[in-house]
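To start, the structure under review is shown below, and the notes come after it.
Each ligand, and each atom within it, is numbered from 1 in the order the structure gives. Residue numbers start at 1 and run along the sequence shown. This structure is a prediction, so every number in the text was calculated from the model and none was measured.
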Amino acid sequence: GGSHWTYEGSHGQEHWPDTYPDCGWKAQSPIDIETGAVQYDPSLPPVETSGYRNPGSDDFTLINNGHTVQMSLPPSMRLHGLPKMFTAVQLHLHWGRKGNHEGSEHKVDGRPFPAELHVVHYNSEKYSNVSLAMHHPDGLAVLGVFLEAGDAENSAYDHILDLLDKIQYAEQKTTVAPFNVRDLLPVHLGHFFRYNGSLTTPPCFQSVLWTVFHQPVQLSAAQLEKLQKSVYSTAEGEAHPELLVDNFRAPQSLNGRVVLASFP
Ligand code: SG7
Ligand code: ZN
């Protein structure tokens, strides 16, 4: 028990296995995707989303949980093209502290991106909720999207970024009017990497079928900066406020796992 883990320091990632043994297991995430070593699999079905474009009329909840900013998603949002049907639960972000360098969890040929979006889904054909599903190897499917700096502002991301000032401190929440969540993803969903891994945070359960899209999504430099400078990992009123930054885990060993690619 306890959720007193951090990315750096005395409860930092090298100590996670002391409290959360799965974090020391052999099929962990994230990974560095070595494009020279991936295996092209022409039989991988394309990933398709449903319900993303028009996700109902109920507001989403956006929360600063001290580790990330996370937005709830309705069960009408689903993923297809995987071995089972998966239902969306939430999305959240990982980012760095400055500029356009590190911040993503996955890397490609050793190269990090400044941020990464994760959309978490659970296997709703087999399990009745995400808390149950995350204990099983076929329980979760997460979409990973690399974010990089571009010239233009990405208005889809403003639905989230514009609200960060309302959840500056840990445990604060606000509501988000429903918007087209498909617009947060790359235009091309057909090119992706696929592998079996884990939650990238404690308890690090090895329950995630990962889909990491090849095509990054662009945000303006100002939008990335907004992400890097708006939220704190500490609660309101704490004597030493700490910016919530660098919330990414180091790449984990493949230990013989093969990463598939949907494209040659
Ligand atoms: C973030 O990443 C949160 C967690 C999430 C974890 O810290 O979004 O979600 C909650 C509900 O706290 O854990 C089970 C789960 O979704 C790990 O998710 S990730 O592997 O996609 N990064
Ligand atoms: Zn994540």
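- K84 and D138 are not joined by a salt bridge, as no carboxylate oxygen comes within less than 4.0 angstrom of a charged side-chain nitrogen.
- Among protein heavy atoms, atom 3 (C) of ligand 1 sits closest to Q70 OE1, 3.1 Å.
- In terms of protein heavy atoms, atom 1 (C) of ligand 1 is closest to T68 CG2, 3.8 Å.
- Remark: aromatic rings of F86 and Y127 are distant, center separation not under 6.0 Å.
- Looking only at protein heavy atoms, the nearest one to atom 7 (O) of ligand 1 is T201 CG2, 3.7 Å.
- A donor atom on one side chain and an acceptor atom on the other are not found under 3.5 Å apart for W25 and S198.
- Paired with W210 under the rule side chain to side chain contact (heavy atoms under 4.5 Å, CB included), one option of L140, L143, I33, T200 passes, and it is T200.
- Distance from atom 5 (C) of ligand 1 to its nearest protein heavy atom, with residue and atom name: Q90 NE2, 3.8 Å.
- Here the N, O or S atom of H92 that is nearest to the Zn ion (ligand 2) is NE2.
- Using a 4.5 Å cut-off on side-chain heavy atoms (C-beta onward), V231 and V69 make contact.
- Annotation: T200 places an N or O atom under 3.5 Å from an N or O atom of ligand 1; distance criterion only.
- Distances shorter than 4.0 angstrom do not occur between any heavy atom of F248 and any atom of ligand 1.
- Draw a line from the Zn ion (ligand 2) to NE2 of H94 and another to ND1 of H118, and the angle between them is 100° (to 10°).
- Across Y52 and R78, no two heavy atoms sit closer than the pair CE1-O, 3.8 Å.
- In the model, S253 has no side-chain atom that pairs as donor or acceptor with a side-chain atom of N255 under 3.5 Å.
- Contacts with ligand 1 closer than 4.0 Å are made by no heavy atom of V89, backbone or side chain.
- The shortest N/O to N/O separation between W210 and ligand 1 does not fall below 3.5 Å.
- Among all protein heavy atoms, the one lying closest to atom 18 (O) of ligand 1 is H92 CE1, 3.7 Å.
- The aromatic rings of H191 and H214 are tilted relative to each other, their planes meeting at an angle between 30° and 60°.
- Residue H67 has no nitrogen or oxygen atom sitting less than 3.5 Å from a nitrogen or oxygen atom of ligand 1, judged on distance alone.
- Heavy-atom contacts of H94 reach the following atoms of ligand 1: 22 (N) (cutoff under 4.0 Å).
- For the residue pair Q90 and H92, a side-chain donor N or O sits within less than 3.5 Å of a side-chain acceptor on the partner.
- Side-chain contact annotation: E238 with H240, donor-acceptor N/O pair under 3.5 Å absent.
- Residue contacts with ligand 1 for L199 involve both N, CA, C or O and side-chain atoms from C-beta outward (heavy atoms, distance under 4.0 Å).
- Less than 4.0 angstrom separates some heavy atom of M134 from each of these atoms of ligand 1: 14 (C).
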